[in-house]
*Asks:* 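Structure incoming, see below.
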Amino acid sequence: MRTSVAIIGAGPAGLLLSHLLHRQGIDSTVLELRSRAYAERRQRAGILEQATVDVLRASGAGARMDREGLPHHGIELRFDRRAHRIDFPSLAGGRSVMVYAQTEVVKDLIALRRAAGGTLLFEAEALSVDGIGTDAPRVRYRHDGAEHTLHCDYVIACDGFHGIGRRSLPPDALTVSAREYPFAWLGILAEVPPSCDELVYAHHERGFALHSMRSRHVSRLYLQVDPHDRPADWPDERIWDELETRFATDDGWRLRRGPVTEKSITPMRSFVAEPMRYGRLFLAGDAAHIVPPTGAKGLNLAVADVTLLARALAHRYAHGDPSLLDAYSEAALRRVWRAEHFSYTLTTLLHPAPDESAFDRRLRLSHLRYLVSSQAAAASLAENYVGLPVV
Ligand SMILES: Cc1cc2nc3c(=O)[nH]c(=O)nc-3n(C[C@H](O)[C@H](O)[C@H](O)COP(=O)(O)OP(=O)(O)OC[C@H]3O[C@@H](n4cnc5c(N)ncnc54)[C@H](O)[C@@H]3O)c2cc1C
């Protein structure tokens, strides 16, 4: 089999890249390890930056997002039993975010690729990537019980943190920077209307809590927990009691409880592998970088990476000029490192570490108070949260 661009992984990065290339008349083949049903119900991110919304709209993938997504113009920081609103449009030049679940972005993109007759193979596991140092790379994969080879011009690894793309590079070709955090997030989905209109980021001495939502009827809530905890350690009542404690305010705010439909624990890590290219193999999305979810950047970085890549590949195919492909890694990494810094800062600001000192606690409170009393500090938070334009 032959294609122009072989894409490994049908997460948001791989699907959007395939869609954007199709709009430029460039054919691609997407190989996805999991089934379509699994890919469409995997619960993950839900906050789309302004630039992500713009890219989806401009590419014709934003119609359902515009009908069903929830535009959000601010977040709430909660600490010391008080709520403080950060208003995005006034602080970040009119920019905002959209609440629209990653599952829905994935469903919309799969439907678009299918409607356009795109080659999207589910339950197709990429086994190896070879020839990336030559102009004839190829991907060996297993599908329907048989092994096949996909010949192509370029391979784009959009196969997430555990994929094979990054591992196909010579070990000394990559520099890896990483940090593990001494806490994890317990996340639940609950069949109950959100108890707030905007996301609430709560700092409490017992730990961080986040109230988010997936729709007007479904709440998404997170608790900072020990990284060794298992979901079974957290029966539903214990979760709701702990959420209530961490969100408590003096103004009578009430948390609505409802049936928990999903529960999982996610480790928190920061990770960057650079450069994001070796020969004919390019890395995009979680395959190259991970951020702790506090800043809601993971999905948005994946979208920014493939937006750059689609433009660079279109330029290469239209004009025979690889200069944008050559510039891809550096351009993508500028944004990645900004998001890494923001996500790290927000994470360490809001999560008490198990071994922290009284000095650390006082610094945190001072930083939180500064954020909600200084327009300049709040503007910096807002600007980073709504995200930078894709340049
Ligand atoms: C549990 C969890 C919760 C998260 N919550 C948030 C959040 O609240 N906010 C936020 O901003 N971000 C969150 N993220 C991060 C965000 O979801 C990711 O950044 C985003 O999914 C990245 O998209 P991607 O396309 O790069 O990778 P992925 O979505 O991981 O897609 C990679 C795809 O590659 C496939 N694949 C892997 N190996 C192979 C192979 N060998 N052959 C073929 N296919 C393969 C996988 O099955 C997968 O479908 C979360 C991530 C996780 C894991």
Side-chain angles (χ1 to χ4, degrees), residues 6-18 29-49 52 97-103 105-106 109-110 120-129 139-143 148 150 155-168 184-189 199 201 210 212-214 220-222 231 262-271 276 282-306 309 332 336 339-340 342-343 346-347 385 387:
I7 299 173
I8 309 175
L15 289 166
L16 181 61
L17 178 61
S18 172
T29 293
V30 181
L31 305 173
E32 168 55 48
L33 172 65
R34 304 289 195 161
S35 68
R36 177 175 180 174
Y38 184 94
E40 289 187 340
R41 65 161 193 267
R42 187 169 32 195
Q43 288 299 329
R44 288 186 169 178
I47 308 292
L48 308 186
E49 288 179 355
T52 299
V97 297
M98 177 83 85
V99 172
Y100 189 60
Q102 180 168 329
T103 46
V105 174
V106 164
L109 289 168
I110 290 174
L120 183 47
L121 301 181
F122 288 99
E123 299 178 76
E125 181 183 8
L127 302 170
S128 67
V129 182
V139 182
R140 203 163 51 81
Y141 67 98
R142 188 184 300 116
H143 185 50
H148 310 267
L150 180 60
V155 180
I156 318 294
C158 300
D159 50 353
F161 184 65
H162 300 288
I164 62 145
R166 193 177 66 249
R167 286 184 275 126
S168 307
W185 272 17
L186 166 69
I188 60 165
L189 263 189
L199 271 71
Y201 286 79
L210 171 60
S212 180
M213 62 282 293
R214 287 296 178 258
R220 179 88 165 134
L221 296 119
Y222 299 95
E262 207 196 275
K263 196 184 292 183
S264 61
I265 292 187
T266 310
M268 307 275 277
R269 68 162 70 88
S270 302
F271 175 94
M276 290 167 61
F282 292 80
L283 305 176
D286 278 17
H289 41 74
I290 297 285
V291 283
T294 327
K297 292 289 171 229
L299 166 62
N300 295 295
L301 283 178
V303 167
D305 287 353
V306 298
L309 261 181
V336 167
E340 289 287 350
F342 175 65
S343 303
L346 205 57
T347 300
Y385 196 95

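Side chains are part of it too, since the values below use all heavy atoms of this structure and drop only hydrogens, waters and symmetry mates. Predicted, not measured: the structure shown is a model, and the values here were computed from it. Just so you know, ligand 1 is whichever comes first in the structure, and atom 1 is the first atom listed for that ligand.
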*Asks:* Check Y222 against G187 and note the closest heavy-atom contact, atom names and distance.
*Replies:* CD2-CA, 3.6 Å
*Asks:* For atom 47 (O) of ligand 1, what is the nearest protein heavy atom, given as residue, atom name and distance?
*Replies:* E32 OE2, 2.7 Å
*Asks:* Indicate the atoms forming the closest heavy-atom contact of M213 with V99, along with that distance.
*Replies:* O-CG1, 3.2 Å
*Asks:* Provide, to 0.1 Å, the distance between atom 26 (O) of ligand 1 and the closest protein heavy atom, together with that atom's residue and name.
*Replies:* D286 N, 2.9 Å
*Asks:* Run the salt-bridge test on K297 and E340 with the 4.0 Å N-O cut-off and return the result as yes or no.
*Replies:* no
*Asks:* Which is it for T266 and ligand 1 at heavy atoms under 4.0 Å: side chain, backbone, both or neither?
*Replies:* side chain
*Asks:* Return the minimal non-hydrogen interatomic distance between R166 and G160, and the atom names on each side.
*Replies:* NH1-O, 4.3 Å
*Asks:* Say you draw a straight line from CG of L127 to NE2 of H143; how long is it, rounded to the nearest 0.5 Å?
*Replies:*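 Between atom CG of L127 and atom NE2 of H143 there are 12.5 Å.
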*Asks:* Please write down residue, atom name and distance for the protein heavy atom closest to atom 7 (C) of ligand 1.
*Replies:*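 For atom 7 (C) of ligand 1, the nearest protein heavy atom is A45 CA, 3.4 Å.
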*Asks:* CD1/I7 to CG/L17 distance, rounded to the nearest 0.5 angstrom?
*Replies:* 4.0 Å
*Asks:* Can you find an N/O atom of R44 closer than 3.5 Å to an N/O atom of ligand 1?
*Replies:* yes
*Asks:* What I want to know is whether A302 and ligand 1 share at least one N or O pair that is separated by under 3.5 angstrom.
*Replies:* no
*Asks:* Rounded at 0.5 Å granularity, tell me how far OG1 in T266 sits from CD in Q43.
*Replies:*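 Here the interatomic distance stands at 11.0 Å.
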*Asks:* For G298, counting its heavy atoms only, list the atoms of ligand 1 lying under 4.0 Å from any of them.
*Replies:* 11 (O), 19 (O)
*Asks:* Quick one: does ligand 1 sit under 4.0 Å from the side chain of Y222, the backbone, both or neither, non-hydrogen atoms only?
*Replies:* side chain
*Asks:* Looking only at heavy atoms, is any part of V291 under 4.0 Å from ligand 1, and if so is it the side chain, the backbone, or both, or is it neither?
*Replies:* neither
*Asks:* Distance from K263 atom NZ to I188 atom CD1, nearest 0.5 Å?
*Replies:*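 Separation between the atoms: 8.0 Å.
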*Asks:* Anything under 30° is parallel, anything over 60° is perpendicular, the rest tilted; go ahead and classify F342 against Y385.
*Replies:* perpendicular
*Asks:* Considering only heavy atoms, which of G163, S343, A124, A39 lies nearest to atom 38 (N) of ligand 1?
*Replies:* G163
*Asks:* So, taking the atom named OG1 in T294 and the one named CE in M268, what distance separates them when rounded to the nearest 0.5 Å?
*Replies:* 3.5 Å
*Asks:* Would you name the heavy atoms of G165 and L283 that are closest together and state the gap between them?
*Replies:*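 Heavy atoms only, the tightest pair is C-CD2, 4.1 Å.
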*Asks:* Which pair of heavy atoms, one from A302 and one from A13, lies closest together, and at what distance?
*Replies:*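 Heavy atoms only, the tightest pair is CB-CB, 4.0 Å.
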*Asks:* Out of curiosity, is R42 lining ligand 1, as in a heavy atom under 4.0 Å away?
*Replies:* yes
*Asks:* Consider ligand 1: state whether an atom of it lies below 4.0 angstrom from any non-hydrogen atom of C158.
*Replies:*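 Heavy atoms of C158 do come under 4.0 Å of ligand 1.
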*Asks:* Tell me which protein heavy atom sits closest to atom 37 (C) of ligand 1, plus the residue, atom name and distance to 0.1 Å.
*Replies:*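 Ranking protein heavy atoms by distance from atom 37 (C) of ligand 1, first comes D159 O, 3.2 Å.
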*Asks:* Quick one: look at P12 and ligand 1, take heavy-atom pairs under 4.0 Å, and tell me if it's side chain, backbone, both or neither.
*Replies:* both
*Asks:* Taking both backbone and side-chain atoms of A13, is any N or O found less than 3.5 Å from an N or O belonging to ligand 1?
*Replies:*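 Between A13 and ligand 1 (N or O atoms, distance only) the closest approach is under 3.5 Å.
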*Asks:* Among all protein heavy atoms, pick out the one at the shortest distance from atom 20 (C) of ligand 1; state its residue, atom name and that distance to 0.1 Å.
*Replies:* Q102 NE2, 3.8 Å
*Asks:* Should you measure from each heavy atom of L33, which atoms of ligand 1 turn up under 4.0 Å away?
*Replies:* 39 (C), 43 (C), 44 (N), 45 (C)
*Asks:* Identify the protein heavy atom lying closest to atom 31 (O) of ligand 1, giving its residue, its atom name and the separation to 0.1 Å.
*Replies:* G11 CA, 3.5 Å
*Asks:* Of all the heavy-atom pairs spanning G298 and V291, show the shortest one and how long it is.
*Replies:*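 Minimum heavy-atom contact is N-CG2, 3.6 Å.
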*Asks:* Provide the number and element of each atom of ligand 1 under 4.0 Å from a heavy atom of G285.
*Replies:*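 Those qualifying, in numeric order: 26 (O).
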*Asks:* As an exercise, identify every atom of ligand 1 less than 4.0 angstrom from a heavy atom of A296.
*Replies:*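 Those atoms are 11 (O).
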*Asks:* Counting each atom of ligand 1 from 1 as listed, which ones have a heavy atom of R34 under 4.0 Å away?
*Replies:*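 Close to R34: 47 (O).
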*Asks:* Among all protein heavy atoms, pick out the one at the shortest distance from atom 41 (N) of ligand 1; state its residue, atom name and that distance to 0.1 Å.
*Replies:* A126 O, 3.2 Å
*Asks:* Does the N or O separation between E125 and ligand 1 drop below 3.5 Å for any pair?
*Replies:*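 No - when backbone and side-chain N and O of E125 are compared with those of ligand 1, no distance drops under 3.5 Å.
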*Asks:* Rounded at 0.5 Å granularity, tell me how far CG in L120 sits from CG in L31.
*Replies:*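 The CG atom of L120 sits 9.5 Å away from the CG atom of L31.
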